Colleague: 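Just passing along the structure, written as C-alpha cells.
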Number of protein chains: 2
Amino acid sequence: MTKSQSASGGVALWRQIADAIRLDIVGGKLANGDRLPTEALLAERFSANRHTVRRALAVLAEEGVVAAEQGRGTFVKSIRRLTYPIGKRTRFREGLKGQAGSLVSVSISDKIENATARVAEALGLKPGTKVVRTESMSVADGVPISRSTTWLPYRRFPDFAARIKEMQSTTMVFQSYEIADYSRASTRISARHADVEETRSLNLAPGAIVLVSEAVDVDPEGEPLSYALTRFPAERMELVV
Amino acid sequence: MTKSQSASGGVALWRQIADAIRLDIVGGKLANGDRLPTEALLAERFSANRHTVRRALAVLAEEGVVAAEQGRGTFVKSIRRLTYPIGKRTRFREGLKGQAGSLVSVSISDKIENATARVAEALGLKPGTKVVRTESMSVADGVPISRSTTWLPYRRFPDFAARIKEMQSTTMVFQSYEIADYSRASTRISARHADVEETRSLNLAPGAIVLVSEAVDVDPEGEPLSYALTRFPAERMELVV
DNA sequence: AGTAGTTGTCTAGTTTATTAGACAAATCGA
DNA sequence: TCGATTTGTCTAATAAACTAGACAACTACT
C-alpha cells in the first residue's frame, strides 16, 4: 500500500522526512557530529520505506546538512540558525554581529515608482507619491540569509539607491542624510512558502518556508523613513523580539 | 512531459498552486467576492494543465476559501488573517479582542514533569526542577488559531492546571496567585511545517505552515513566570511587534 | 434563439512517489 | 578472521500526480 500524498496534502513523504530531520538539526536536538538513527530506524519512525528515507537523506546530504559514510552511519555536518534581534532599536548588521564570520549585503536593483496603497500607508504618504524602491539581499558566511524590498519617500531620499550601493549599510546612508538616529515603529511578521524568485535568489529547496517581516523605521520626530519587506529562510534564521 | 516533483522539491504542483492562490487571498490581492482568473488562465500562469489547477481549486473550495459556479467562474469567499500584537505588555485575549466574534481557549491536558535544559534555562531554574506543563488551544469564530504548550515552576504554581481550566485566562490565574501584573521578557519567532499532531488539532491541510512563538513572561521583579511555546497557523494569523 | 465563455466530467497515457526484497560493500568489535 | 551492523545499488510492482483532448452543462449577453 502506498502512502497517499492526498492524505499528506500534496507534500511528498521524502520531503516531510527531510524537513523533520532538518528541524531536529537546526533546532538543536541533533548536534554537529552526532550520528543519525540508522536508515532502518528512521523508516520505522516515519512509517516509511527505507528507500524513501534514503531519498530524504540524499536531499539533506546535497544541502550539506548531513553526510553518509558506508558501514558507519550518517552524521550531522551542520550549522545552527542565526538569531536576528528585533526591538525599538533594530540594526541589521549590529544584530547579527558575532554570529557569522562574514556578512555581506548586496544591492540588486532599484527604481523609482509610485506608491501602492500599502506602501503609501506604511510611509504616511498619499498613494501614487514617488518612492524609491530597492531590492537587496544579505549573505552570511556564503549562505543567503535575507532578501529585502525597501521603499523610501523619493522627496527626502532622491539619491538613496546610489548611496546604499556605495555604503552597504542603511544606518550609514541615513547618517549621510543628516539622520543621526532612527527607530523601529512596527514589525509585522508572517510566514509562507518561498516563491520562485526567492527559491532561486536565496538558494532554497523549492517549497521551503520564509519568514516575512514588514518593518517601518521612523526618525526621532516619528516621521516614517522606510518600509522594508524582508524575507528570511526559516531554516536559517529566527527572530527574537 | 510531466512537470517533475523533484524539480519542485517534493511539493505537488497542485499544492503549490493552491498555496499561491490562497496567499493572494489572505494577502489582500484578491478581495471577498472577486472573481478568480479562469481555469484556463490560471493553467497558463502556472504552466500547468487545467486539471491540475482544478485540483488546487478543489482544495481551496473545501477549505471554504473559494466557491466555483458553473458557467460563471470561481469566486473568493474569504477571510482575512487575524493580527496578534506582541510587545512588553502582551495579553492574548486583549490583543485579539475586536478581531473575532468569539474567542474560546481550551485546556487539553496537563502534567507535572522535570524541566528539560531548554525549559529550565527559560524559567531560570536548574534542569530537572519540577514544572507544570499544560497543553491548550484557542478557537476564534469556530476556527482554531493557536496551539500552546506552557511550562511554569511547580513550586510557585502547584495548582496552575486546575485554575487555568476554571478561569480560561492566564492573566486571571496569575491574579489569583497575587500577581497583579506581568510582562513579556522575550519572544522568539520561527516558522516550520506543521507536524502531524498540529495538523490534526489545528485542522490544517497537511504541509501547512505554523508560526512558532517561544515566549517568557516575568513578574514585575523580573522573575520568570512562564515559558510558552505557541504554534499559530500562518495562513490565519500574523504577529505584529 | 443563438453564441461565446466558463465550469463539470470522462477517458487515456506518461512520469513520479512509494513500497518490497535481495545482495554488495564498507566498518567495527569480539 | 568472523560476524553483526550499516550504507550503497539494483530490479520490480503499485499508487498518485500530471498531461492531453473531447464534450456536456450552465451563464450571460446580443
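We name chains A, B, ... by the order of the sequence lines, and we start the count at 1 in each one. Here the structure is a predicted model, which is why all the values come from computation and not from measurement.
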Colleague: Less than 4.0 angstrom between a side-chain N/O of B:Thr52 and OP1 or OP2 of D:dT19, yes or no?
Modeller: yes

Colleague: For B:Glu69 and D:dC26, give me the distance from atom CD to atom P, rounded to whole Å.
Modeller: 14 Å

Colleague: Donor-acceptor pair, A:Arg93 side chain versus A:Leu103 backbone, under 3.5 Å?
Modeller: yes

Colleague: Would a 4.5 Å heavy-atom cut-off, applied to side chains only, mark A:Arg45 and A:Val53 as touching?
Modeller: no

Colleague: Using whole Å, report how far CZ of A:Arg15 lies from P of C:dT18.
Modeller: 12 Å

Colleague: Taking the side chain of B:Thr74 as heavy atoms from C-beta outward, which of C:dG21, C:dT18, C:dT7 is closest to it?
Modeller: C:dT7

Colleague: Would you say A:Glu113 has more than 12 foreign heavy atoms packed within less than 6.0 Å of its CD?
Modeller: yes

Colleague: Measure from the side chain of B:Gln70, starting at C-beta and using heavy atoms only, and say which of D:dT19, D:dA25, D:dC18 lies closest.
Modeller: D:dA25

Colleague: What protein N or O atoms touch nucleotides 28-30 of chain D N or O atoms at under 3.5 angstrom, if any, and at what distances?
Modeller:
from   : atom 1 : to      : atom 2 : distance (Å)
D:dA28 : OP1    : B:Arg72 : NE     : 3.0

Colleague: If I take atom CZ in residue A:Phe46 and atom C1' in nucleotide C:dT18, what distance separates them, rounded to the nearest angstrom?
Modeller: 16 Å

Colleague: Taking the side chain of B:Leu13 as heavy atoms from C-beta outward, which of D:dA25, D:dC18, D:dT7 is closest to it?
Modeller: D:dC18

Colleague: Between B:Pro37 and B:His51, just flag the one whose closest nucleotide in DNA chain C comes earlier from the 5' side.
Modeller: B:Pro37

Colleague: Within a reach of under 6.0 Å around CD of A:Glu197, are more than 12 heavy atoms found that belong to other residues, nucleotides or ligands?
Modeller: yes

Colleague: For B:Leu36 and C:dG5, what is the distance between atoms CG and C1' respectively, to the nearest whole Å?
Modeller: 16 Å

Colleague: Let me know, please, whether B:Ala40 or A:Asn49 comes out on the 5' side of the other along DNA chain C by nearest nucleotide.
Modeller: B:Ala40

Colleague: Figure out the CD/P separation between A:Glu44 and C:dA20, and round it to whole Å.
Modeller: 13 Å

Colleague: Is it the case that the side chain of B:Ser136 and the backbone of B:Ile108 share a donor-acceptor pair, with hydrogens and angles ignored and the cut-off at 3.5 Å?
Modeller: no

Colleague: Taking only the side-chain heavy atoms of B:Glu39 (C-beta and beyond), determine which of C:dT7, C:dA20, D:dT19 contains the nearest atom.
Modeller: C:dT7

Colleague: Among D:dT7, D:dA17, D:dT19, which is the nearest nucleotide to the side chain of B:Arg55?
Modeller: D:dA17

Colleague: Between C1' on D:dG21 and CZ on B:Arg54, what's the gap in Å once rounded to a whole number?
Modeller: 15 Å

Colleague: Can you check the A:Leu41 CG to D:dA4 C1' distance for me, whole Å?
Modeller: 15 Å

Colleague: Applying side-chain contact (heavy atoms from CB on, under 4.5 Å), can you list everything that pairs with A:Asn114, at least two apart in sequence or on another chain?
Modeller: A:Lys130

Colleague: Assess whether atom CD of B:Glu69 is packed by more than 12 heavy atoms of other residues, nucleotides or ligands within 6.0 Å.
Modeller: yes

Colleague: May I ask you to verify whether the side chain of B:Arg50 and the base of D:dG21 hold a donor-acceptor pair under 3.5 Å?
Modeller: no

